[in-house]
Amino acid sequence: MLPLVNDAFLTLTPYVPGKPIQETERELGLTGVVKLASNESPYGPSPKAVAAMQAVLAGVSDYPDGGAFHLRQAIAEKHGVEPRQVVLGAGTSEIIEMVIRTCLRPDENMLYADPSFVMYALAAQAAGRKLRRVPLTADLRYDLPALAKAADHKTKLIFIGNPNNPTGTYVSRRELEAFLGDIAPDVVVVMDEAYFEYAVASDYPNGLDYVSRRDRLLVLRTFSKCHGLAGLRVGYGVGDPELVDYLNRGRQPFNVNTLAQVAGLAALEDDAHVERTARQNRVEMARLTPALRARGLTVHDSQANFLLVDFGKSAEEIFAKLLRQGVIVRPMGAYGLATMARITIGTPAQDDKLLAAIEQVLR
Ligand SMILES: Cc1ncc(COP(=O)(O)O)c(C=O)c1O
């Protein structure tokens, strides 16, 4: 009999998302559970995005615009590029899969930093492609010189999460420029900037500044984080028109739905909402970081909307205990960080609940 599945799937372990609120409430008989596990925005989407969706709801009997003309146009205008340099995806997760499928041949390999966003490795495994991991430095930063050194003549793809998930650390402008100078022009570098809007470090680079300097560079941005539209699934990539054209050839024709297109457009135009969300995040981060450190926990400086917290003991146990207090965090065992949990910055009230729960659990 022929094997049921592609060999790559025999060893594939599925992506484990953050535990949902309703599931937790159902299982533990709790109410008012707070989820700080998936780096969603606690401030929600722009009201303008909600209104835009309401205005088109009755039209969902029609297929979406497969080329997402208006959204692509607006993204291009916002970033000073051409629409043919913009590819849209059902979240950047889909674009990560698209790049791997489109660019990586069976005899070529992909490099990724470990730990970084698990979808890079997962998507390459599912596609049956060769992948090589390069560990982060001891202080949990990208080791770009090590990545450049690890690249061989068959390396086609390198992912750089900036800021990185789950560490919140970032690659500086100087480090990025040295890396781009070191790396062969054959390599497609994907700069994943899912948390771009949150980053404030003065030497944090804008990946879009490098798109005109390197053909094989794709910058990813998402509406899932600071724009508060994670449930809609919409993100985009900006790069060279030739690369973008190939990505567009292989995608599902209607990969970004009608609601996501109109909400994305309205969200893109509501700079004030994005700025407010990022500002509130910073204020809460500045409060939470020292508060957690004052409880004896190691907290890594973050440029994103989450903190990586080292509890110095099993994070699975801490996770289970916090769950009973009605707070969902993300234990990082699957990322090889057994004593750490990633905690999304919440609203002031959510963070108060988190701090009280941690106080209780550590007692
Ligand atoms: C670094 C990074 N990239 C990409 C994504 C995917 O986001 P989405 O598919 O919702 O755009 C995430 C989500 O957590 C992320 O942390």
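Indexing begins at 1, ligand by ligand and atom by atom, following the structure's order. Excluded from the calculations below are hydrogen atoms, water molecules and symmetry mates; all remaining heavy atoms, backbone and side chain alike, are included.
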Practice problem: Return the protein residues near ligand 1 (heavy atom under 4.0 Å from any of its atoms), ordered by chain and residue number. | Solution: Gly91, Thr92, Ser93, Phe117, Asn165, Asp192, Ala194, Tyr195, Thr222, Ser224, Lys225, Arg233
Quiz item: With side chains defined as the heavy atoms from C-beta onward, is the minimum distance between Arg173 and Tyr204 less than 4.5 Å?
Solution: no
Practice problem: Establish, from distance only, whether the side-chain atoms of Thr339 and Asp310 form a donor-acceptor pair under 3.5 Å. | Solution: yes
Report, one line per pair, each donor and acceptor closer than 3.5 Å where one atom sits in a side chain of residues 61-68; sequence neighbours left out.
| residue | atom | partner | partner atom | Å |
| --- | --- | --- | --- | --- |
| Asp65 | OD1 | Gly67 | N | 2.9 |
| Asp65 | OD1 | Ala68 | N | 3.4 |
| Asp65 | OD2 | Phe69 | N | 2.8 |

Quiz prompt | Hydrophobic cluster partners of Tyr43 (side-chain heavy atoms under 4.5 Å) | solution = none
Quiz item: What residues, two or more places apart in sequence or in another chain, satisfy salt bridge (Lys or Arg N to Asp or Glu O under 4.0 Å) together with Arg293?
Solution: Asp301
Quiz prompt | cation_pi(Arg342, Phe306) dist<6.0 Å, angle<=45 | solution = yes
